[in-house]
Protein chains: 4
Amino acid sequence: MKKNRPKYNQIIDAAVEVIAENGYHSSQVSKIAKKAGVADGTIYLYFKNKEDILVSLFQEKMGEFISSIEDEIKTKSNAKQKLLTLIEMHYSQLTKNHHLAIVTQLELRQSNKELRLMINDVLKPYLELIDQIVQEGMDENLFDSSLDLRIIRQMIFGTLDETVTNWVMNDQKYDLMKKAKEIHELFINGLAQK
Amino acid sequence: MKKNRPKYNQIIDAAVEVIAENGYHSSQVSKIAKKAGVADGTIYLYFKNKEDILVSLFQEKMGEFISSIEDEIKTKSNAKQKLLTLIEMHYSQLTKNHHLAIVTQLELRQSNKELRLMINDVLKPYLELIDQIVQEGMDENLFDSSLDLRIIRQMIFGTLDETVTNWVMNDQKYDLMKKAKEIHELFINGLAQK
Amino acid sequence: MKKNRPKYNQIIDAAVEVIAENGYHSSQVSKIAKKAGVADGTIYLYFKNKEDILVSLFQEKMGEFISSIEDEIKTKSNAKQKLLTLIEMHYSQLTKNHHLAIVTQLELRQSNKELRLMINDVLKPYLELIDQIVQEGMDENLFDSSLDLRIIRQMIFGTLDETVTNWVMNDQKYDLMKKAKEIHELFINGLAQK
Amino acid sequence: MKKNRPKYNQIIDAAVEVIAENGYHSSQVSKIAKKAGVADGTIYLYFKNKEDILVSLFQEKMGEFISSIEDEIKTKSNAKQKLLTLIEMHYSQLTKNHHLAIVTQLELRQSNKELRLMINDVLKPYLELIDQIVQEGMDENLFDSSLDLRIIRQMIFGTLDETVTNWVMNDQKYDLMKKAKEIHELFINGLAQK
DNA sequence: TATGAATGAGACTTCATTCAT
DNA sequence: CATGAATGAAGTCTCATTCAT
């Protein structure tokens, strides 16, 4: 809807905070409105319904997440560096925004199937970015070209997601960034041409 | 509670079916009772509350899942074979039981944080089994001992989980078992001592 | 639904009272439940939704209304007496039940188009009863057979309905029954064969 | 209020259209404003509130309705002709304006009791016009003077109203004007002096 | 005059759980 | 042990109206 109005972002940011603090199922529209400093009804001038807040939240935040990773990756010249950048950026983005990490890793997964399908759509560009890097690595003879691209993508994304989720569930009490290099090596070795 | 009575299992099996068919949020206690062929109130003679059905379901089914993997692994003599067996058994167990796959990979994740923490407890023995195999591989000098055990476990579990979830989300339409060997090689290479 | 249970009728009777006292738009489900002496949720064991209460109310009460008129008319031997009986019964039924008169003449007409279409269905047997009497009168050469049956039915029903509505709007402060004979004569003269 | 301004009539005409097309309960102020080509707030410069739009609509349109019937009746010299003119004009006015017919016969009846009482006030001159004609008929010895004026008025208005409502509910698919003569005869006979 | 973004009260319905039988 | 009728708390969304510009 009217995405350029400041209230649109106010509401999305309020939703992130409220969901992170209260959990998905205790995040009533009225709570989000209060945190955003608007009336309940105002929410519905900017969002079709409650689910639309969550979808928009994920789209906006994931959009930023993905494009800042893409921007950073463009400055790297080979697949190995690009993969490291992807891992480091993935971790750093979520480390920088504790609330967002809780919301994307834990709370939003409690949503219903329809919302999760939309979430998958939003993630598609990110998975394609992973595919591009792996393909580039294969073209550079860094990675084994006989491997199944989909499996590799699932390994990389599955590992990143699982490590972040564990970190969030452990109350983010260790330094996720420090794991990046080791994960990177695991991937590079696993994918290496023999 | 009275776990040895036949109705206990009737109700759990009914819950798996109802959740797989209707989704987590459309699985009312009354629907489960009907499918199990008992009255609504009878549920509460065997389970403390609705959440207890789900926790018990996960405990029972995951218990079987884990012990049959453990049993099979005991017949293998080295870490490499054990890891392959773990992957193959993980996939075959869920391939054999479509409904259970849907419930564990998609529907139960919509539950609230507390239930998910209990689910994590149930998974602990499985994660420890992975740790054991990896440790054994390190002792055999098959795997690089300098790697962080937790990270490896997260990579292995994260990858298995992500591949199964993708397969379920794609309506289980390809043969998951065929991917096992390639995944296995990715792990072996990734973890190999250099 | 479970129409034979006493609560079904309790709720319908409560609805008549609540609507008559508060008006259609101030008759919340919770008010009806309270008057019926049941919990809000109990309403939904007997009725699909709020509209279903109103439809059922009209069906039940109109059903009684129509069949008691039919029963009385059966005891009369000619169209002239039958028409008088119809008028007198129409008035006496509503005179006897002040609340019902308010609900059917004023409040239920504020409902939406769908509900009004269902109301029309319920009224059909009554309109057919009028048609039968008029047809009988034509067969007896009491009424002019060249008249349009539909127009006559609309004149009779329209007049009865308008007189009752006026009486209700005037707070039922005059004796409606006393008008029956004069209305009857108007009809008999209007319809008479020349 | 400021009744002579063009926007006053714009808004009323928009209200008729919007209500005829969407039904009473789907006719929000914002929809009427949009159809009228003004801002929501502008409505409140010309009308006290939403109800005031509807009352004014009825007053304006009914005012025209009644005065054109009065004008036509003035050209007739006796009660019998006047009554026929009233019936024919009643039908022709509503036949000419389909939207208005829907609004007055169906949609406005869904309004609350207070609005309907105001509507009754607006109708008063029309009912008095009927009374005048009937009284004139009695003075001419055309009608039976012993009849109750109120009952006759209710019969005439009730019949006209019921016939129009039925015609509207049947999607105005037959020619209402053709019924006028027969209705007229029914009245004349019914009221005739014996 | 005219605008239109913002307000906020209010109600229907679901469903986990209980308890008298 | 088993039943199932009854309970009642709780949240999303609409829309008439206002008021700063």
Side-chain angles (χ1 to χ4, degrees), chain A residues 1-2 5-8 10-11 25-34 36-53, chain B residues 1-2 5-8 25-34 36-54, chain C residues 1-2 5-8 11 25-34 36-53, chain D residues 1-2 5-7 25-34 36-54:
Chain A
M1 312 234 152
K2 297 136 186 177
R5 303 297 171 79
K7 297 217 167 144
Y8 177 83
Q10 258 176 60
I11 292 166
H25 284 113
S26 300
S27 295
Q28 296 82 354
V29 171
S30 59
K31 246 181 215 165
I32 296 173
K34 198 171 188 181
V38 300
D40 292 18
T42 305
I43 300 269
Y44 293 87
L45 297 176
Y46 295 91
F47 301 91
K48 218 171 50 251
N49 50 34
K50 188 182 177 182
E51 186 173 291
D52 190 31
I53 307 176
Chain B
M1 312 232 152
K2 298 127 187 182
R5 303 298 171 81
K7 291 201 175 160
Y8 176 84
H25 284 112
S26 299
S27 296
Q28 295 81 359
V29 170
S30 60
K31 243 182 218 164
I32 295 172
K34 197 172 187 181
V38 300
D40 293 15
T42 305
I43 299 268
Y44 291 88
L45 299 175
Y46 294 90
F47 300 92
K48 214 168 61 247
N49 52 32
K50 186 183 181 182
E51 189 172 285
D52 189 30
I53 308 176
L54 303 175
Chain C
M1 315 233 150
K2 298 136 186 177
R5 304 297 170 79
K7 297 217 165 142
Y8 177 83
I11 293 166
H25 284 114
S26 300
S27 295
Q28 295 83 353
V29 170
S30 59
K31 245 180 216 164
I32 295 172
K34 196 170 188 181
V38 299
D40 292 17
T42 305
I43 300 269
Y44 291 88
L45 297 177
Y46 296 90
F47 300 92
K48 220 171 51 252
N49 50 35
K50 187 181 178 182
E51 185 172 292
D52 190 31
I53 307 176
Chain D
M1 311 227 152
K2 297 126 188 182
R5 303 297 170 83
K7 291 202 176 160
H25 284 113
S26 299
S27 296
Q28 295 81 0
V29 171
S30 60
K31 240 180 220 167
I32 295 172
K34 197 171 187 183
V38 301
D40 293 16
T42 305
I43 298 267
Y44 292 86
L45 298 175
Y46 293 90
F47 300 91
K48 212 166 65 248
N49 51 32
K50 187 181 179 182
E51 190 172 285
D52 189 31
I53 307 176
L54 303 176

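We name chains A, B, ... by the order of the sequence lines, and we start the count at 1 in each one.
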Undergrad: Once rounded to the nearest 0.5 Å, what's the spacing between atom OH of C:Y8 and atom CD1 of C:I43?
TA: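 Between C:Y8 OH and C:I43 CD1, I get 12.0 Å after rounding to 0.5 Å.
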
Undergrad: Name the closest nucleotide to the D:A39 side chain, picking from F:dT17, E:dG4, E:dT7.
TA: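 The answer is E:dG4.
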
Undergrad: If pairing requires Watson-Crick or G-U wobble contacts with both distances under 3.5 Å, which nucleotide is the partner of F:dT21?
TA: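 Partner of F:dT21: E:dA2.
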
Undergrad: E:dA2, OP1 or OP2 - any side-chain N/O from D:K7 closer than 4.0 Å?
TA: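 Yes, because at least one side-chain N or O of D:K7 sits under 4.0 Å from OP1 or OP2 of E:dA2.
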
Undergrad: Given atom NZ of C:K48 and atom P of E:dT14, what is their separation to the nearest angstrom?
TA: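 Going from NZ in C:K48 over to P in E:dT14 covers 11 Å.
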
Undergrad: Closer to the 5' end of DNA chain E via nearest nucleotide, is it A:G37 or B:S30?
TA: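 It is A:G37, whose closest nucleotide lies nearer the 5' terminus.
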
Undergrad: Choose from E:dA11, F:dA16, E:dT7 the nucleotide whose nearest atom is closest to any side-chain atom of C:Q28.
TA: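 The listed nucleotide nearest to C:Q28's side chain is E:dA11.
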
Undergrad: Between F:dT7, F:dA9, E:dT7, which nucleotide gets closest to the side-chain atoms of C:D40?
TA: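 Ranking F:dT7, F:dA9, E:dT7 by closest atom to the C:D40 side chain puts F:dA9 first.
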
Undergrad: Taking the side chain of C:N49 as heavy atoms from C-beta outward, which of E:dT7, F:dA16, E:dT13 is closest to it?
TA: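 Selected nucleotide: E:dT13.
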
Undergrad: Is the shortest side-chain N/O distance from A:Y46 to OP1 or OP2 of E:dA5 below 4.0 Å?
TA: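 So the side-chain polar atoms of A:Y46 never come under 4.0 Å of the phosphate oxygens OP1 or OP2 of E:dA5.
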
Undergrad: Could you please name the option among E:dT7, F:dT3, F:dA5 that lies closest to any side-chain atom of B:V38?
TA: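 Side chain of B:V38 sits closest to F:dT3.
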
Undergrad: According to the Watson-Crick and G-U wobble definitions, with both distances under 3.5 Å, which nucleotide is paired to F:dT12?
TA: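 Partner of F:dT12: E:dA11.
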
Undergrad: I need the D:I32 CD1 to D:L54 CG distance, nearest 0.5 Å.
TA: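 The CG atom of D:L54 is 6.5 Å from CD1 of D:I32, to the nearest 0.5 Å.
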
Undergrad: Mind calculating the distance between CD1 (D:I53) and P (F:dC15) to the nearest angstrom?
TA: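 Rounded to the whole Å, the gap is 15 Å.
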
Undergrad: Side chain of A:T42, heavy atoms from C-beta onward: which of E:dC15, E:dA6, F:dT17 has the nearest atom to it?
TA: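 Within the option list, the nearest is E:dA6.
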
Undergrad: Rounded to the nearest Å, what distance is computed from the NZ atom of residue A:K31 to the P atom of nucleotide F:dA10?
TA: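 Rounding to the nearest Å, NZ of A:K31 and P of F:dA10 are 11 Å apart.
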
Undergrad: On DNA chain E, compare the nucleotides closest to C:S27 and B:E51; which residue's is nearer the 5' end?
TA: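 Result: C:S27.
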
Undergrad: Report the distance from atom CG of A:D40 to atom OH of A:Y44, rounding to the nearest 0.5 Å.
TA: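 Answer rounded to 0.5 Å: 8.0 Å.
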
Undergrad: What is the separation between atom CD1 on A:I11 and atom C1' on E:dA6, rounded to the nearest whole Å?
TA: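 For the pair A:I11 CD1 and E:dA6 C1', the rounded distance is 11 Å.
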
Undergrad: In whole Å, I'd like the distance from the CG atom of B:L45 to the P atom of E:dT18.
TA: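 To the nearest whole Å, that distance equals 11 Å.
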
Undergrad: Look up atom CG in C:D52 and atom NZ in C:K50, then write down how far apart they are to the nearest 0.5 Å.
TA: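 The NZ atom of C:K50 is 13.0 Å from CG of C:D52, to the nearest 0.5 Å.
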
Undergrad: Rounded to whole angstroms, how far apart are CD1 on B:I43 and P on F:dG4?
TA: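 Result: 13 Å.
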
Undergrad: Does B:Y44 make a side-chain N or O approach to OP1 or OP2 of E:dC19 shorter than 4.0 Å?
TA: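 Looking at the OP1 and OP2 atoms of E:dC19, neither is under 4.0 Å from any side-chain N or O of B:Y44.
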
Undergrad: With a non-hydrogen cut-off below 4.0 angstrom, is A:V29 in contact with a base, only sugar-phosphate, or nothing?
TA: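 Here A:V29 touches the backbone only, sparing every base.
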
Undergrad: In terms of side-chain heavy atoms of B:K50, which of E:dT13, F:dT17, E:dT17 is nearest?
TA: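 Output: E:dT17.
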
Undergrad: Round to a whole Å and report the spacing from NZ of D:K34 to P of E:dT3.
TA: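 Atom-to-atom, D:K34 to E:dT3, this comes out as 14 Å.
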
Undergrad: Grab the NE2-C1' distance between A:H25 and E:dA16 for me, whole Å please.
TA: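 So the two atoms are 14 Å apart, to the nearest Å.
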
